[in-house]
Amino acid sequence: MAYSNKVIEHYENPRNVGAFGTSKEVAARKDIGIGIVGAPECGDVMQLQIKVSEEGIIEDAKFKCFGCGSAIASSSLATEWIKGKTVDEALTIRNTQIVEELSLPPVKIHCSVLAEDSIRSAIEDWKKKSGASPASTSPTPVTQHA
Amino acid sequence: MISSNSPTSNSPIYLDHAATTRCDPKVVEAMLPYFTEMFGNAGSRNHQFGWQAEDGIEIAREHAAKLIGAQAKEVIFTSGSTESNNLAIKGAAEIYARAAAGQTGRGHIVTAAHEHKAVLDPIRRLMREGFDATFIQPPADGVITAEMIKAALRPDTILVSIMWANNELGTINEVPQIGRLCHEKEIIFHTDATQWVGKMPTNVEADQIDLLSWSGHKMYGPKGVGGLYVRRRKPRVRLEALQDGGGQERGMRSGTQNVSGIVGFGKACELCFNEMESEGKRLLAMRNRLETELKKRIEVTVVNGHPTKRLPNISNISFGFVEGESLMMGVREIACSSGSACTSASLEPSYVLKSLGIGDDLAHSSLRLSLGRWTTEAEIDSAIVMIETAVNHLRRLSPLYDLHKEGVDLSKIVWQAH
């Protein structure tokens, strides 16, 4: 299968690779949400960590991915897109946008779904840990007044 | 041999010889006149064009027979191993069936779960047509022994079909012993020897084989031509033809013969016969160095299949915590295969690796590297460095590698499969 140039570019220069500490350290931090989706048996595991401000803005994001080139590119792209967004804005990202941006073929759509799931999963985790109720994550004052 | 015939230096390193091989230029040279000056139909018995074609075919048949220790009359030409397997399995089942078509209990067939699809699928079709079958689960080293076959036999077993060497692993099954067992029990023994013939010494008499399939394009011959050995004595094996017509190839394979292809196949057999021994040693040394270096440089590297009962040219290696397709993307300058799900339409990892009980995660992490006639030491050196670099790049990205380094047992984690 031929890969799009964007997939190859993300594969070779993945953005925001890493984690905010060991799995124990990040588990203890309330400002960090962790999403781990997929399974090694399925050939895909995506780990997304988001660092969220008190105002609900995703200040930083890090990813790690075990998966094909399209999965790596999808998760790398997801970190780029969510950085600087509010959690609510990040939740509006759809897998179809990732498919379009990376020109993923039909057989690779599941990679984009996994990336969307990892965003949701990380945000849910952050909400749980930070004690933020779903209502309090409505658009922040900054965006409301903009 | 290497310099003038090798592909240009800017093309990728070809380590996928188990998929197909480059046609040897000597093969192409032998074939060419049969497209133009000697274009006759071997069935034309009354003029020179026909005689030339027939001579070309019969010389090829001699070379093919010599390569496997058979009589020329016992070799029939087909379009390749898939056809040879279909003809051998379906053709024998039909003749040796214990009940008429349309009935059940027509007979039992023994094979293994990690056979090629071109063996498994004909057997599955026969199961829909009243035959029973046992698919032996291979052990962790992938080698099928005569003991395993013996345990699977039933009073109504009519056919055993076991490949000589596995196409994904290169592992070698106990063929002579299985042949002896089948002959003792008077059961027909077929072997798909596609990866074996041309690389390893073959003697259908000593190895007690009744039916043997092989293909031209796996041994530096053309695609679209193969052979089927059909034993003529002790016992005389009969086959029901799959296609009817002009009665070519002893009536077992009607259709005008692919003269140029058959001539090329014969030439390829002749070259393999002459070069097998030296080539085997050269390939084994390079393959072993490839594996030793990769294991030395990269932790959690596992060679799949039996360590020594393996063809000299195939290596199937899993690199833990790295997914196979992304690894192939990282080594785009190497043409090879992966057992990863993502390289197939089914999104399932290799059923061959799974059948050995290798975890799905390691099955997803595998590369098959297969060497051949024009593989050079320099190419192996480059491949080692490229693979090491790509695995390191991907492990930096791998959440599984982090967990491994933290000492977490990955098999104990409950994953959110999607």
Side-chain angles (χ1 to χ4, degrees), chain A residues 1-3 7-8 10-19 21-27 34-49 62-73 75-76 95 105-111 113-118 120-121 124-125, chain B residues 300 318-332 338-350 353-354 358-366 389-418:
Chain A
M1 169 182 333
Y3 296 98
V7 169
I8 293 171
H10 274 280
Y11 173 88
E12 283 171 354
N13 306 295
R15 328 288 197 259
N16 308 306
V17 175
T22 65
S23 51
K24 235 181 221 168
E25 286 163 9
V26 289
I34 307 162
I36 301 180
V37 294
E41 303 83 64
C42 305
D44 291 301
V45 176
M46 269 183 205
Q47 172 185 292
L48 177 66
Q49 298 187 352
K62 297 271 187 208
F63 89 97
K64 290 246 170 172
C65 178
F66 164 85
C68 65
S70 303
I72 291 169
S75 37
S76 169
N95 79 295
V107 68
K108 295 297 181 189
I109 286 172
H110 72 279
C111 300
V113 173
L114 214 54
E116 184 188 318
D117 286 351
S118 73
R120 294 176 178 280
S121 174
E124 259 171 52
D125 183 62
Chain B
V300 197
S318 292
F319 302 94
F321 326 113
V322 165
E323 194 274 334
E325 188 189 337
S326 63
L327 183 52
M328 284 174 66
M329 199 172 162
V331 292
R332 267 169 292 162
S338 170
S340 155
C342 285
T343 58
S344 68
S346 65
L347 297 181
E348 277 286 312
S350 152
L353 293 175
K354 281 179 78 169
I358 291 166
D360 278 7
D361 50 341
L362 277 181
H364 279 291
S365 304
S366 74
T389 308
V391 170
N392 287 339
H393 171 67
L394 290 166
R395 283 190 176 170
R396 197 174 66 86
L397 299 181
S398 172
L400 306 181
Y401 188 55
D402 284 349
L403 291 168
H404 165 72
K405 279 188 300 181
E406 286 180 26
V408 176
D409 182 352
L410 293 178
S411 65
K412 301 235 164 77
I413 296 178
V414 181
W415 300 97
Q416 275 180 273
H418 63 111

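Keep in mind that what you see is a predicted model, and the values were worked out from it rather than measured. So that the names make sense, note that chain A is the first sequence line, chain B the second, and so on, each numbered from 1.
- Between A:Ile36 and B:Pro399, the closest side-chain pair of non-hydrogen atoms is not below 4.5 Å.
- Between the CG atom in B:Leu327 and the SG atom in A:Cys68 there is a gap of 12.5 Å [rounded to 0.5 Å].
- Contact annotation for A:Val17: only side-chain heavy atoms (C-beta onward) come within less than 4.5 Å of a heavy atom of chain B.
- With a threshold of 4.5 angstrom between heavy atoms, B:Leu400 approaches chain A through side-chain atoms but not through N, CA, C or O.
- Separation of atoms CG (B:Leu403) and OG (A:Ser23) is listed at 6.0 Å; rounding is to 0.5 Å.
- Here the side chain of B:His393 pairs a donor or acceptor atom with the backbone of A:Tyr11 at under 3.5 angstrom.
- The closest side-chain heavy-atom distance from A:Phe66 to B:Ser365 is below 4.5 Å.
- Side-chain contact between B:Arg396 and A:Pro14 is present, with heavy atoms from C-beta onward closer than 4.5 Å.
- Two residues are said to be in side-chain contact when any heavy atoms from C-beta on lie closer than 4.5 Å; B:Met329 and A:Ile8 meet this criterion.
- Interface remark: B:Tyr401 contributes no atoms to any contact with chain A (heavy atom separation under 4.5 Å).
- In this structure, B:Asp402 and A:Lys64 have side chains that are in contact, with non-hydrogen atoms separated by less than 4.5 Å.
- Without hydrogens or angle criteria, B:Ser326 side chain to A:Gly67 main chain gives a donor-acceptor distance under 3.5 Å.
- We find that B:Lys354 and A:Glu41 are not joined by a salt bridge, their nearest charged nitrogen and carboxylate oxygen being 4.0 Å or further apart.
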